[in-house]
Amino acid sequence: MTEETWGRVRAALLKRVGRSSYNRWIEPLQFREMRDGVARFAVPTSFFRDWVSRNFADQIRQQMIVAGVDVVRLEFTVDPPPPAANLAEQPPVAACPAGAARPPEDADHPGAAPDARYTFDTFVVGKPNELAHAAARRVAEGGPVTFNPLFLYGGVGLGKTHLMHAIAHEIRERRPGDRVLYLSAERFMYRFVQALRDKQIMSFKELFRSVDVLMVDDVQFIAGKDSTQEEFFHTFNALVDQNKQIVISADCAPGEIKGLEERIRSRLQCGLVVDLHPTDYELRLGILQSKVEMFRAQSGGLKIAPGVIEFMALRITSNVRVLEGAIQRLFAFASLVGREITLDLTQDCLADILRQSDRKVTIDEILRKVAEHYNIRLSDMVGPKRTRTIARPRQVAMYLAKQLTPRSLPEIGRRFGGRDHTTILHGVKKIEELMATDSQLADDIALLRRALEA
Ligand code: ADP
Ligand code: MG
């Protein structure tokens with residue numbers, strides 16, 4: 001494998017594992033050689049070696065294969081970097097995984113402040129997130145535990161982490177004596193493995209069983225990680241038994257998390273499960289307006305031409321994180337150019353983001369995804385068969401095509417094996433009708449929509 005290929009593999013891994021895992025666990029890997037299907041890497045410590053081979057080896061290997069490398073196995077050898085040589089470039093945690101560069105949520109510092117920006121005050125409520133918001137508020141207000149756990153799910157950048165931090169803030173204000181512990185599932189696993197290594201499992205258990213509110217973010221991360229799941233399950237049960245509040249987030253519904261143990265799944269489902277829907281135009285507008293106000297309050301003198309905010313809300317639809325990045329960039333730009341931000345300037349400044357948002361879902365993708373989801377043949381999707389098991393998914397695809405693409409009914413009809421536009425209209429109507437009463441179908445469609453829009 002050349003350095004260049006390894007570079008590409010790393011870029012792909014960055015996308016998959018996220019920036020913080022990447023910095024901590026992938027970046028420090030030093031590729032040494034590739035022989036007889038074995039890829040060798042040098043790592044700084046034995047703990048690092050165990051952690052990476054346990055949690056990232058599969059993904060690394062997979063990405064190498066995708067990049068065309070003929071790899072059967074990975075081998076990690078401990079080879080600490082020479083002292084003082086390039087320590088400055090090393091992330092501090094690499095040489096000392098238990099070390100200083102901890103995210104603020106760390107369990108060692110139960111008093112550490114959650115992110116100050118993420119409060120209920122700064123959370124803009126709209127139709128897509130009102131239920132999740134209301135449930136989070138209820139939990140934060142305390143009182144008798146009515147639903148346990150609160151399970152929040154939704155695609156990336158829709159506000160799960162924000163809401164969890166907001167709960168932590170609110171509880172801290174209302175009941176300063178309560179112990180609130182927020183951490184990511186990845187962090188939970190990391191601490192668990194560390195406790196195993198250091199033979200500190202008792203104090204690990206104690207720590208997690210002594211909190212009043214436990215919040216675990218992105219729980220899908222522990223799917224497939226057997227001993228961590230096991231420990232999570234016990235922690236969970238112990239807290240529920242003591243009537244302590246638990247809040248969990250994930251990127252999909254409990255039933256959809258692959259590799260999650262059945263008993264955990266059913267436990268997660270027995271509280272309140274609410275999802276954050278993709279944003280709609282109004283919510284995006286609301287978020288942008290609140291950001292503009294915040295920015296004005298901070299620095300004053302920001303001139304934005306009429307229509308710019310509306311334009312952004314219309315065009316940047318992927319998620320709130322992207323929207324935030326866009327408005328921040330625009331502010332920076334505004335303070336540089338020192339004049340009114342017009343539509344033209346906006347289009348220049350945000351060209352790359354706008355281009356990405358232009359990615360439209362195609363009817364082909366819809367057909368493929370729906371066929372896959374219902375496990376039927378692609379040819380049957382557009383073919384003549386009229387049995388229910390095929391006709392229903394076909395109608396689902398028609399509905400999604402109408403919702404997610406700008407195509408007209410006759411155009412959609414042509415792509416569905418030359419059907420008449422009235423057939424398409426009938427299918428769309430049928431699904432709209434069924435969704436109102438058939439929650440399984442509504443869930444299926446929400447899932448498909450998320451997958452297609454991702
Ligand atoms: P998730 O955890 O679901 O991936 P985050 O909670 O990290 O998403 O949200 C991504 C960014 O978008 C954060 O900066 C957050 O403050 C912001 N955000 C998301 N939803 C809202 C909202 N309804 N109002 C204001 N900001 C939001
Ligand atoms: Mg998050």
Side-chain angles (χ1 to χ4, degrees), residues 15-22 103-106 113-137 139-140 150-170 182-189 214-223 247-254 256-257 273-295 297-298 309 312-313 316-332 353 357 446 450-451 453-454:
K15 285 215 192 100
R16 297 194 61 112
V17 306
R19 172 61 69 183
S20 75
S21 294
Y22 177 86
E105 77 251 24
D106 197 279
D115 193 315
R117 293 166 305 165
Y118 296 167
T119 62
F120 282 122
D121 282 347
T122 58
F123 191 82
V124 180
V125 185
K127 249 221 164 66
N129 60 23
E130 64 179 338
L131 257 180
H133 172 261
R137 271 238 181 249
V139 164
L150 168 60
F151 188 99
L152 298 170
Y153 75 94
V156 312
L158 296 182
K160 301 180 295 292
T161 299
H162 188 134
L163 281 178
M164 291 173 105
H165 282 250
I167 294 174
H169 279 295
E170 190 74 17
Y182 163 91
L183 80 177
S184 65
E186 181 181 8
R187 195 78 203 154
F188 178 87
M189 170 158 94
L214 176 66
M215 296 195 261
V216 181
D217 206 353
D218 291 319
V219 80
Q220 74 277 355
F221 186 85
I222 62 165
V247 183
I248 305 286
S249 86
D251 62 359
C252 54
E256 295 160 11
I257 306 178
V273 178
V274 275
D275 64 340
L276 290 134
H277 296 275
T279 59
D280 57 15
Y281 174 74
E282 276 170 56
L283 178 59
R284 291 194 296 273
L285 201 57
I287 290 170
L288 286 170
Q289 272 158 355
S290 92
K291 298 273 167 203
V292 171
E293 269 161 41
M294 249 189 274
F295 185 81
Q298 279 164 18
I309 296 297
M312 289 175 71
I316 305 175
T317 55
S318 46
N319 70 49
V320 183
R321 192 168 295 141
V322 176
L323 200 61
E324 267 184 352
I327 191 87
Q328 256 152 26
R329 195 196 294 176
L330 205 58
F331 291 155
I353 297 177
S357 291
R450 272 204 304 281
E453 283 179 333

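Order of listing sets the numbers, starting from 1, for every ligand and every atom in it. Reckoned from all heavy atoms, side chains included, excluding hydrogens, waters and symmetry mates.
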**Student:** Judging by distance only, is a nitrogen or oxygen of Lys291 under 3.5 angstrom from one on ligand 1?
**Tutor:** no
**Student:** Let's go through Val274 and Leu152 carefully: what are the C-alpha distance in whole Å and the side-chain angles of both, what is the deciding distance for side-chain contact (heavy atoms from CB on, under 4.5 Å) to 0.1 Å, and is it a yes or a no?
**Tutor:** CA-CA 5 Å; Val274 275; Leu152 298 170; 3.5 Å; yes
**Student:** Answer with side chain, backbone, both or neither: which part of Arg117 has a heavy atom less than 4.0 angstrom from an atom of ligand 1?
**Tutor:**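 For Arg117, no heavy atom sits under 4.0 Å from ligand 1.
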**Student:** CG/Leu323 to CZ/Arg284 distance, rounded to the nearest 0.5 angstrom?
**Tutor:**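 Result: 7.5 Å between the selected atoms.
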**Student:** Could you tell me if the side chain of Ser249 sits less than 4.5 Å from the side chain of Val219, heavy atoms only?
**Tutor:** no
**Student:** Knowing that exactly one of Asp218, Val216, Val273 qualifies, which makes a side-chain contact (heavy atoms from CB on, under 4.5 Å) with Ile248?
**Tutor:** Val216
**Student:** What do you reckon, does Gly159 have a nitrogen or oxygen under 3.5 Å from a nitrogen or oxygen of ligand 1?
**Tutor:** yes
**Student:** With no hydrogens and no angle check, just 3.5 Å: does a side-chain donor-acceptor pair link Thr161 and Asp217?
**Tutor:**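 Yes, because at least one side-chain N or O of Thr161 sits under 3.5 Å from a partner of the opposite role on Asp217.
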**Student:** Where does the angle between the aromatic ring planes of Phe123 and His162 fall among parallel (under 30°), tilted (30 to 60°) and perpendicular (over 60°)?
**Tutor:**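 Ring orientation, 0 to 90° scale: perpendicular.
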**Student:** What's the shortest distance from atom 2 (O) of ligand 1 to any protein heavy atom, and which residue and atom give it?
**Tutor:**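 So the nearest neighbour among protein heavy atoms is Thr161 OG1, 2.7 Å.
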**Student:** Check ligand 1 against Val156 and write out every atom of the ligand that is under 4.0 Å from a heavy-atom position of the residue.
**Tutor:**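 Result: 4 (O).
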**Student:** Tell me the protein heavy atom at minimum distance from atom 14 (O) of ligand 1, and give that distance in Å.
**Tutor:**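 Ranking protein heavy atoms by distance from atom 14 (O) of ligand 1, first comes Glu324 OE1, 2.6 Å.
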**Student:** So is Gly154 touching ligand 1 or not, going by heavy atoms under 4.0 Å?
**Tutor:**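 No, Gly154 has no heavy atoms under 4.0 Å from ligand 1.
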**Student:** When you look for heavy atoms under 4.0 Å from ligand 1, do you find them on the side chain of Ile287, its backbone, both, or neither?
**Tutor:** side chain
**Student:** Any chance you could lay out the salt bridge (Lys or Arg N to Asp or Glu O under 4.0 Å) test for Glu324 and Arg117, step after step, and finish with the verdict?
**Tutor:** CA-CA 13 Å; Glu324 267 184 352; Arg117 293 166 305 165; 6.0 Å; no
**Student:** Check ligand 1 against Gly157 and write out every atom of the ligand that is under 4.0 Å from a heavy-atom position of the residue.
**Tutor:** 1 (P), 3 (O), 4 (O), 8 (O), 10 (C)
**Student:** With a heavy-atom distance limit of 4.0 Å, tell me whether Asp217 approaches ligand 1 through its side chain, its backbone, both, or neither.
**Tutor:**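 None of Asp217 does.
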**Student:** Going from CG on Leu276 to CG on Leu283, what distance comes out if it is rounded to the nearest 0.5 angstrom?
**Tutor:** 10.0 Å
**Student:** Give the residue, atom name and distance (to 0.1 Å) of the protein heavy atom nearest atom 18 (N) of ligand 1.
**Tutor:** Val320 CG1, 3.2 Å
**Student:** Report the relative orientation of the aromatic rings in Phe120 and His133; use parallel for angles under 30°, tilted for 30 to 60°, perpendicular for over 60°.
**Tutor:** perpendicular
**Student:** Just which atoms of ligand 1 are under 4.0 Å from any heavy atom in Asn129?
**Tutor:**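 Heavy-atom distances to Asn129 below 4.0 Å select 23 (N).
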**Student:** Under 2.8 Å from the Mg ion (ligand 2), can any N, O or S atom of Thr161 be found?
**Tutor:** yes
**Student:** Taking the side chain as every heavy atom from C-beta outward, state whether Ile309 and Ile327 have any atom pair closer than 4.5 Å.
**Tutor:**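 With C-beta onward as the side chain, the pair touches.
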**Student:** Measure the spacing between NE2 of His169 and CG of Asp121 and express it to the nearest 0.5 Å.
**Tutor:** 10.0 Å
**Student:** Checking a contact table here: which protein heavy atom is nearest atom 7 (O) of ligand 1, and how many Å away?
**Tutor:** Arg321 NH2, 2.8 Å
**Student:** Relative to the heavy atoms of Thr122, which atoms of ligand 1 are at a distance of less than 4.0 Å?
**Tutor:**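 Once the distances to Thr122 are compared, the set is 24 (N), 25 (C).
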**Student:** Out of Lys160, Met164, His162, who gets a non-hydrogen atom closest to atom 26 (N) of ligand 1?
**Tutor:**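 The nearest heavy atom belongs to His162.
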**Student:** Any idea which atoms of ligand 1 are less than 4.0 Å away from a heavy-atom of Val124?
**Tutor:** 22 (C), 23 (N), 24 (N), 25 (C)
